[in-house]
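In what follows, chains are A, B, ... by sequence order, proteins preceding strands, each numbered from 1.
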Amino acid sequence: MNQVILLIAIPLLVAFSMPLTGKLFPRVSKVIALLTLLFEAIWAGFILFNTKGAVSVVIGGWLPPFGINLVVDHLSGVVAFVVSIVVLFSIFFQLSSGLSKKPNFYMLSLLLVASLMGIIFTGDLFNLFVFFEIAGISAYSLIASGKNSNSSNGALGYLIPASVASVFYLVGIALIYSTLGTLNIAQIASSFSSVKPILATFIAFSLLTLVLLEFEIVPFNSWVPRAYQGAPSSISAIFSSGLALASGYVMLRLGVIVFNGGQGGFIRTGSFELGHALFGIGVITVIAGEIAALAQKDVKKMLAFSSVGQMGMVLVAFSIGTHSSIYGGIFALISHSFAKLLLFLTAGLIIMKTGKSKYTQWTGIARCSPLFGVLMLIGSLGVIGIPLFSGFWGKFAIIGSTVVLGKIGFIATTLILAASVVEGFYFFRLVHTMFETGEEKVPKVKANFAFWLISSLLVAVIVALGLRPGIIDGRLKKIPGELIGNAESGYVQAVNKQLKGSKK
Amino acid sequence: MNKVAALGVIVILGIFIQMALHDSNPGKGAFPEKSSSLVADSYLTKSVSQKAPAEISPGDTKLENGAANVVTSVVVDYRGFDTLGEVTILFAVAAGIGLFLKKRPHFKPRQPGTILKTLVPLAVFFIFITGSYVFLHGHLTPGGGFPGGAMMAAGVVLLALSIRKSMRSVFFKILESLAGISFVAIGLIGLYTKGSFLQNFLGAGALGNLYSAWLVMILYFIIGIKVAAELSSVIADFDQMEEGGKQ
């Protein structure tokens, strides 16, 4: 299992070698970058397949909490696998559409995937910060590499809040270190309840500022629309399906394991009901995201706001912190990743070929090239959560966990259902416009083999998850048990075993 | 209105911080009286994986880590993975700059004055010597790869200013690339010989000797080269390019 480090080391190695290979053989270097991403997906799948329970892997030969460790469990395995597939498909799309010719683009994508893997696997709070920084810096440049007028604007709009949030995160780390004397997540988790309550709340607030910013939660998500619109479509897809997924994962890990001490139920830090606060902003995020998406004409912005709404729903689920809500949240995140990837890539291709970025200008596109309409429809159904498509099972489990909560559960249930209706409205409005007969003649949109390969695979995944969630259920169902309670296979347990070994 | 709101947020935040730091509830506070449980204590006595030696003196060879400079031993050895990340951040910055700046079509460098022309070769000589001293002695004395590399890059800039032909970033890019590859490669060698990424496979050596703490020394050499090359290539990019280019 210590081979998991290759998921971080290999993309870094290839990225470092790209200035060299890029000068010598510019074409080959891009193919090498793509092959590296393919390796990531295969290797992450291999790691996931071999995961039996939480395992801690040390780096540098120093046992935690002194050295840095990576932790592989079902949660990190599943998330890493999905993220690697998302990045592979997006960059394959980008490469095959011939949009970016500079090798630096692929170099930064490799750094982005390496940092996402680091965010997912690391068991150290400061190491997490370093990887968030790498992800951020590659992301700023990748957004700015887009070609429309909003690109540099969007990058700047992301850079400033993210930098401020990083400072907060660093303050949180410093306070934790001076209070508890360690940076290891598992060790902090076992002693976090001894921290003074107001201090604990402040630490949670500082750490979560950065995480919620990347997770696109109100009020930290002002960067979302411009960045998504300015970035190349493949990068928007990685943001929505990869970065948001990874940050949601960190939110879950910090919230349930560290702040709540793995107890389950609403997250509490000291005397403060952090869970209720998160529940509240989650609900606000759902409302704000869906209404903003409804009012939006620009397709990429609309998809961005729809992501915001979905992430709000997932935050609601995570804040409740029961077995079924955590399961539902993860399922919803994963299915959203696949569906949004399909939507972003299809929309990106249409925008690239026609040059029209507003859905009102898309009249009749699906009349000439109906397959694109079908792809958008399937992606939409996956996001909305219509039965037989993947989004259904996530929402179903989340609603199942909110209805039993009493009064606030009633509010949450109503909102999630209402949000689905709103989602349905604006997605069907988009697809309907595509199928309308327009007055002007629309050119036929053509796609290459790579696009059809990616999109058919994604459609297959969305439908397969919808028809038979059992294919990933076996692993997902184990996740809440590893987070909540002190099961022998749990995350904290795995690291603590090593701690005991170090103190002979 | 916005400014008032911003002020309000800052005031609330300030009160929150004040309350958090001077929390009177029972529990562990931010400034404990006795900080005996910090992981740093074990770094100081070099007792992470073995019992703390009674005394650490120059020339000791049985230590788990041979770097006399404690900060370096933490940065490059105990938490070397973070440093790989820091190096990557700098690399990402350089790559990002290369991505969205484009070449200036008609670039005429300004001619250097007499002072620059005469003095720079002399100064650069000393700057390079100091810079390389700083990163080669990172395991013994304060400093290390990052400041040493920055010094070297400053020398390169001075040299470029005095010679005043447009700087070419290709050479620096190749150097940077080689340094990066060797950093990860050393990590992988550790993984396949000792079983853990970035593990020391070279032994600790005698504390305080120039040739000791091999892993730290080699990694800091690589970091020094990499930082110098990266900063130089960033400056070369800025020198040749202008804002607003997308391809």
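- A donor-acceptor distance shorter than 3.5 angstrom exists from the side chain of A/Asn104 to the backbone of B/Ala95, with no hydrogens or angles considered.
- In this structure, no portion of A/Leu112 lies under 4.5 Å from any heavy atom of chain B.
- B/Ser196 places a side-chain N or O within 3.5 Å of a backbone atom of A/Val58 that can act as its donor or acceptor partner.
- In terms of heavy-atom pairs under 4.5 angstrom with chain B, the leader among A/Gly67, A/Ala9, A/Ser138 is A/Ala9.
- Both the backbone and the side chain of A/Tyr177 come within contact range of chain B, judged by heavy atoms closer than 4.5 Å.
- Highest contact tally toward chain A, considering only B/Asp82, B/Val93, B/Asp77, B/Ile89, is held by B/Asp82 [criterion: heavy-atom pairs under 4.5 Å].
- Taking B/Glu176, B/Lys28, B/Lys173 one by one and counting their heavy-atom pairs under 4.5 Å with chain A, the maximum is reached by B/Lys28.
- In this structure, B/Leu99 and A/Lys102 approach most closely via the heavy-atom pair O-NZ, 3.4 Å.
- Of the inter-residue distances, the one linking B/Phe91 atom CZ with A/Met18 atom CE reads 8.5 Å to the nearest 0.5 angstrom.
- There is no contact between A/Ile203 and chain B, counting heavy-atom distances below 4.5 Å.
- Contact annotation for A/Asp124: only side-chain heavy atoms (C-beta onward) come within less than 4.5 Å of a heavy atom of chain B.
- Interface with chain A: from residues 214-227 of chain B, residues B/Lys226 qualify, criterion being any non-hydrogen pair under 4.5 Å.
- Contact count against chain B (heavy-atom pairs under 4.5 Å) is highest for A/Gly181 among A/Ser115, A/Ala114, A/Gly181, A/Ser206.
- Within the 3.5 Å criterion, the main-chain N or O of A/Phe66 finds a donor-acceptor partner in the side chain of B/Tyr43.
- In this structure, CD in B/Glu64 is found 4.5 Å from CH2 in A/Trp62, a value given to the nearest 0.5 Å.
- For the options A/Pro103, A/Gly136, A/Ala15, A/Ser141, heavy-atom pairs under 4.5 Å to chain B are most numerous at A/Ser141.
- Of the listed residues (B/Thr88, B/Asn200, B/Leu191, B/Ile174), the one with the most heavy-atom contacts under 4.5 Å to chain A is B/Thr88.
- Distance check: B/Ile181 CD1 to A/Leu20 CG gives 5.5 Å after rounding to the nearest 0.5 Å.
- Aromatic rings from B/Phe81 and A/Phe131 are positioned such that their centres are separated by under 6.0 Å.
- For A/Leu108, the part lying under 4.5 angstrom from a heavy atom of chain B is the side chain only.
- For the set A/Ile137, A/Ile68, A/Val171, the entry with the most heavy-atom pairs within less than 4.5 Å of chain B is A/Ile68.
- Separation of atoms OG (B/Ser177) and NZ (A/Lys23) is listed at 11.0 Å; rounding is to 0.5 Å.
- When A/Ile176, A/Thr182, A/Leu12 are compared by the number of non-hydrogen pairs under 4.5 Å with chain B, A/Leu12 comes out ahead.
- In this structure, the portions of A/Leu180 lying under 4.5 Å from any heavy atom of chain B include both its backbone and its side chain.
- When heavy atoms are compared at a cutoff of 4.5 Å, B/Lys194 does not approach chain A at all.
- No other option in A/Asn127, A/Val130, A/Leu111 has as many heavy-atom pairs under 4.5 Å with chain B as A/Asn127.
- Atom CG in B/Leu198 sits 7.5 Å away from atom CD1 in A/Ile59 (nearest 0.5 Å).
- For B/Ala179, no part sits under 4.5 Å from any heavy atom of chain A, backbone or side chain.
- Between B/Phe183 and A/Phe16, the ring centre distance reaches or exceeds 6.0 Å.
- Atom-to-atom distance recorded for B/Leu188:CG and A/Leu13:CG is 6.5 Å, nearest 0.5 angstrom.
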Under 3.5 Å, sequence neighbours excluded: what are the donor-acceptor pairs made by side chains of residues 10-23 of chain B?
{"unit_1": "B/Asp23", "atom_1": "OD1", "unit_2": "B/Asn25", "atom_2": "N", "d": "3.1"}
{"unit_1": "B/Asp23", "atom_1": "OD1", "unit_2": "B/Asn25", "atom_2": "ND2", "d": "2.8"}
{"unit_1": "B/Asp23", "atom_1": "OD2", "unit_2": "A/Ile198", "atom_2": "N", "d": "2.8"}
{"unit_1": "B/Asp23", "atom_1": "OD2", "unit_2": "A/Leu199", "atom_2": "N", "d": "3.4"}

